[in-house]
Structures are given as C-alpha cells and as structure tokens.
Amino acid sequence: MKAAILESLDNLSVKEVPEPEIDDDAALMRVEAVSICGSDVRILHHGNPRVEPPTIIGHENSGVIVKTGKNVTRVKEGDRVSIGADVPCGQCRWCRDGLGNNCGINYAIGYQIPGAFAQYMKLPRLVLEEGPVTPFDASLSFDEAALAEPLACAINGLELVNISLGKTVVIIGLGPIGCMMIDLARIMGATKVIGVQRSKLRMEIAKFYEADVYIASEEEDVIERCKEETEGEGPDIVVTTCGSVEAHEQAIEMIAHRGYVNLFGGLPKTMRPMSVLSNVIHYKECFVTGSHGCVPRHHELAVRLLEKGLVRVKPLITHHFPLVEIDKAFETMESRKGMKIMIHPHQ
C-alpha cells in the first residue's frame, strides 16, 4: 500500500509499504478521507514527544472496515466508520472517570498509534475497546465524517464554559474550529454569537455561518466592539480558537463578570508568555479554562450532529489532494489559502 512516512523533521515521503497485518483482536480500515490538522503541521516541523519517526501521522479520518479479527465485535466488514484521535488507556483514574484526554499516557491515532496518511490503517485492540470508533450512515460523506474529530474537540471546549440558553458567545479565530463553534453555540443555546477574525479570506468563508456580528481584528478594537455589542457588560463566554497570545489576553480583559473563557487554541513554545493581571480575574469572578482534545463520547456526539446537519462542515472543505501530493497539501495548509485540506489515499 502507499503511505506517507514521517522519516524525520521536515521529511514526509510517500512510498510503498506492507499493508498492516491484523490479529484476532484488531480490524483493518481502508482510509477514504483524511484531513490535515494544525497539529500535523507542528509534528512535521517541530516533532512531538509521543511521535517516533519513522511513522505514519494523520488523525482526522474516516473509512470502511475491510477485515476484522475473529474476536472483534465492535465493528464488522463493510462498516463506514469515523475515527477520532485520543484513545484512553482505560486503566488510569482519568480514563476510568471518562476523562481520557487527560490521561498521562495520552495515546492517540497518528502519535503512538500509526495514523491515517495511508491507504489502510490498523485499528488495534486498544482502539476498538477504548477509542473513538463511530459508525455513520450513507447520508454523510467520508469527507464530512473525517471532520468529526475536530468537531468533537469543539464540543469539549464549549461544554467547559457552562454554555446555556441566552448566552452571548465571542469566538476569536474563524478557522474550521471557530466556524464549527458558531453552529455549536447556536444549538447549545447561545442567542448572540460574535465572530472575530484577522484573515479576510477566512472571514468570507466564515460569513456562511451567519454569526450575529463579525469583527475584523486588524481594523477594529476587538475589546471595545465586543463591549459595545453587549451593552458594556462584556460577553458571557469567550473562546479563543486561534494560536494568538494577544487573543488570550483580550478574552480575559473583555469577559463579563462571572463569565467563562476557554483558551482553546494552543500557543507555540516560541511565543511570549501570556500577560494577565490576576486582579481582573479576581474582581470579575470569572472562570478561565483550557481544553485539549476530546473523549469518545464527544466523537460519537459529533458524528450524530453531522448526520443531522446541525453542524455544517462541507463549506470548510476547500481543497482535495491525492496521497501522492501530500507535500502540496501541506503547503496549501500552511499558506492559509483554504480551510480544511482533504487527502484521498486511493485517488
């Protein structure tokens, strides 16, 4: 089979490798669609302690089960399945409590477990027993189903900010996750959604999602505009879906009293430390949280929301590439000329 092998930093090469062999407790999936995540770009250029080259990365994916071991009951041949990233170990207290994304081992597809930038992917026993493996029906395309993984992460992020009916939500960063969160915030009860974005190209795509207000961060004072839109109070919830330390700082400065901030977007290690006056948090009695990844129940919920069309991801899929052009796919991703870059290994 063809696979894109991460040989070393900045070295991703497509080559013929043996098709994965499965044992009695594993399954084999034909990968139909896999998208590039920002974390894949970071792994390519900067590595990750959980990724040991040579290996196959890629974790936002979907496909068809083509072979199962005799002990496998969770999936069967012919199943269309969406696969998430985080796989609970099932043994530690975090995993036993349903919080596997906080597991100290933090197993993940495309990290310790070979990923989806390949024509076929093995689903080992641990993934089938503990991981996010969600069947979906024919109403959903493979491209859309592959995006259940980032949507699941978005669900986790909004669950942590106590969203409920009537809230005003600000989303800073209208990339794929930010756009998904506009739809999510609506169905979770928000009555006003404000989107903040720097890139004009992404702003135009994001307007499909019909937030109540759009703010161009390079042209307007984001904090003042958000306060104007909330009668001077500030928003109830702010989520930073971008890798900007300034956005993190703005979120805490603008939040309403007793409001919630989720620092969703991770920051590069080379970026300056965040600067926040602790008295702002103290006197506002606000809540500042972060979110990382998701757990299998989030992934299953994401697939169900996609099947029902309650969260729309098709407008976010802007480019398609065969696996042999994965270098071009990464270049397109890094150029920020689109949103989700989809790879089809069998084209």
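Scope of the values below: all heavy atoms of this structure, side chains included, with no hydrogens, waters or symmetry mates. Position 1 is the first residue of the sequence, and the numbers go up from there.
- Hydrophobic cluster membership differs between Ile255 and Val239, with clusters built from Ile, Leu, Val, Met, Phe, Trp and Tyr side chains linked at under 4.5 angstrom.
- Considering all non-hydrogen atoms of both residues, Cys95 and Gly90 come closest at CB-N, 3.5 Å.
- Taking 4.5 Å as the limit, every side-chain heavy atom of Pro88 sits out of range of all side-chain heavy atoms of Val295.
- Arg225 and Glu228 are joined by a salt bridge, as a carboxylate oxygen and a charged side-chain nitrogen come within less than 4.0 angstrom of each other.
- A salt bridge links Glu246 to Arg272: at least one charged side-chain nitrogen sits closer than 4.0 Å to a carboxylate oxygen.
- Within the 4.5 Å cutoff, side-chain heavy atoms of Ile172 are placed close to those of Met254.
- Within 6.0 Å of CD in Glu210 there are 12 or fewer heavy atoms belonging to other residues, nucleotides or ligands.
- Residue Ser199 holds its OG atom at 8.0 Å from CD1 of Ile205, rounded to the nearest 0.5 Å.
- For the atom pair NZ (Lys200) and CD (Glu219), the distance works out to 4.5 Å, reported to the nearest 0.5 Å.
- A 6.0 Å sphere centred on CD of Glu233 holds no more than 12 heavy atoms belonging to other residues, nucleotides or ligands.
- To the nearest 0.5 Å, atom CG of residue Asp143 and atom OG of residue Ser62 are 7.0 Å apart.
- More than 12 heavy atoms of other residues, nucleotides or ligands lie within 6.0 Å of CZ in Phe330, so this atom counts as buried by the packing criterion.
- At a threshold of 4.5 Å between non-hydrogen side-chain atoms, the residues Pro150 and Met180 count as touching.
- Rounded to the nearest 0.5 Å, atoms CD (Glu149) and CD1 (Ile109) are 10.0 Å apart.
- Surrounding CD of Glu77 are more than 12 heavy atoms belonging to other residues, nucleotides or ligands, all under 6.0 Å away.
- Comment: Arg186 does not engage Asp183 in a salt bridge, judged by the lack of any side-chain N to carboxylate O separation of less than 4.0 angstrom.
- Looking at Asn61, its side chain does come within 3.5 Å of a backbone N or O of His59 through a donor-acceptor pair.
- Minimum interatomic distance between Val75 and Asp79 (heavy atoms only, all atoms of both residues): CA-OD2, 3.6 Å.
- Between the side chain of Glu159 and the backbone N or O of Ile155 there is no donor-acceptor pair closer than 3.5 Å.
- The 12-atom threshold is not exceeded at CD of Glu253, counting heavy atoms of other residues, nucleotides or ligands nearer than 6.0 Å.
- Phe142 and Phe136 have perpendicular rings, their planes meeting at more than 60° on a 0 to 90° scale where under 30° would count as parallel.
- Side-chain contact, Ser291 with Asn262: a donor N or O sits under 3.5 Å from an acceptor N or O.
- Salt-bridge annotation for Lys328 and Glu331: absent, with no side-chain N of the basic residue lying under 4.0 Å from a carboxylate O of the acidic one.
- Counting heavy-atom neighbours within 6.0 Å of Glu52 CD, excluding the residue itself, gives a total of 12 or less.
- Using a distance-only test at 3.5 Å, with no hydrogens or angles considered, a donor-acceptor pair links the side chain of His344 to the main chain of Glu32.
- The side-chain heavy atoms of Leu147 and Glu60, taken from C-beta on, include a pair separated by under 4.5 Å.
- Put simply, the side chain of Asp212 never gets that close to the backbone of Ile194: no donor and acceptor are under 3.5 Å apart.
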*Do Glu19 and Lys67 pass the side chain to side chain contact (heavy atoms under 4.5 Å, CB included) test, and can you show the C-alpha distance, the side-chain angles, and the key distance before you say yes or no?*
CA-CA 12 Å; Glu19 186 178 294; Lys67 191 183 300 183; 4.2 Å; yes

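- Minimum interatomic distance between Ile252 and Val280 (heavy atoms only, all atoms of both residues): O-CG1, 3.8 Å.
- The closest donor-acceptor contact from the side chain of Lys340 to the backbone of Val313 lies at 3.5 Å or more, if one exists at all.
- With rounding to the nearest 0.5 angstrom, the OG atom of Ser217 is 6.5 Å from the CD atom of Gln197.
- Using a 4.5 Å cut-off between side-chain heavy atoms of Ile, Leu, Val, Met, Phe, Trp and Tyr, with links allowed through other members, Val133 and Leu140 fall into different hydrophobic clusters.
- Salt bridge annotation for Glu16-Lys2: present, with a cationic side-chain nitrogen under 4.0 angstrom from a carboxylate oxygen.
- When the side chains of ILVMFWY residues are joined at heavy-atom separations under 4.5 Å, either directly or via intervening members, Ile43 and Leu267 end up in two distinct hydrophobic clusters.
- Between the Asp24 side chain and the Asn71 main chain, no donor and acceptor come within less than 3.5 Å of each other.
- Heavy atoms of other residues, nucleotides or ligands lying less than 6.0 angstrom from NZ of Lys122 number more than 12.
- The hydrophobic clustering, which links ILVMFWY residues whose side-chain heavy atoms are closer than 4.5 Å, places Val238 and Leu184 apart.
- With contacts defined as side-chain heavy-atom distances shorter than 4.5 Å, the pair Ile65/Val81 qualifies.
- Put simply, the side chain of Gln112 reaches to within 4.5 Å of the side chain of Ile105, judged on heavy atoms.
- Residues Tyr214 and Leu174 meet the side-chain proximity criterion, which asks for heavy atoms closer than 4.5 Å.
- Residues Tyr209 and Phe264 share a single hydrophobic cluster, defined by chaining ILVMFWY side chains whose heavy atoms lie under 4.5 Å apart.
- Looking at Leu6 and Phe117, their side chains never come closer than 4.5 Å, going by heavy atoms from C-beta outward.
- A donor atom on one side chain and an acceptor atom on the other are found under 3.5 Å apart for Glu144 and Ser141.
- Within 6.0 Å of CZ on Arg198 lie no more than 12 heavy atoms contributed by other residues, nucleotides or ligands.
- Residues Gly234 and Ala256 approach most closely at O-CB, 3.4 Å, considering heavy atoms.
- Atoms CD and CG, from Glu300 and Leu305 in turn, are 11.0 Å apart once rounded to the nearest 0.5 Å.
- At a cut-off of 3.5 Å, with distance as the only test, no side-chain donor of His320 or Gln347 sits close to an acceptor on the other residue.
- No donor-acceptor distance shorter than 3.5 angstrom exists from the side chain of Arg30 to the backbone of Tyr120, with no hydrogens or angles considered.
- Ala118 and Val31 make their closest contact through O-CB, 3.3 Å (heavy atoms, listed as atom of the first residue, atom of the second, distance).
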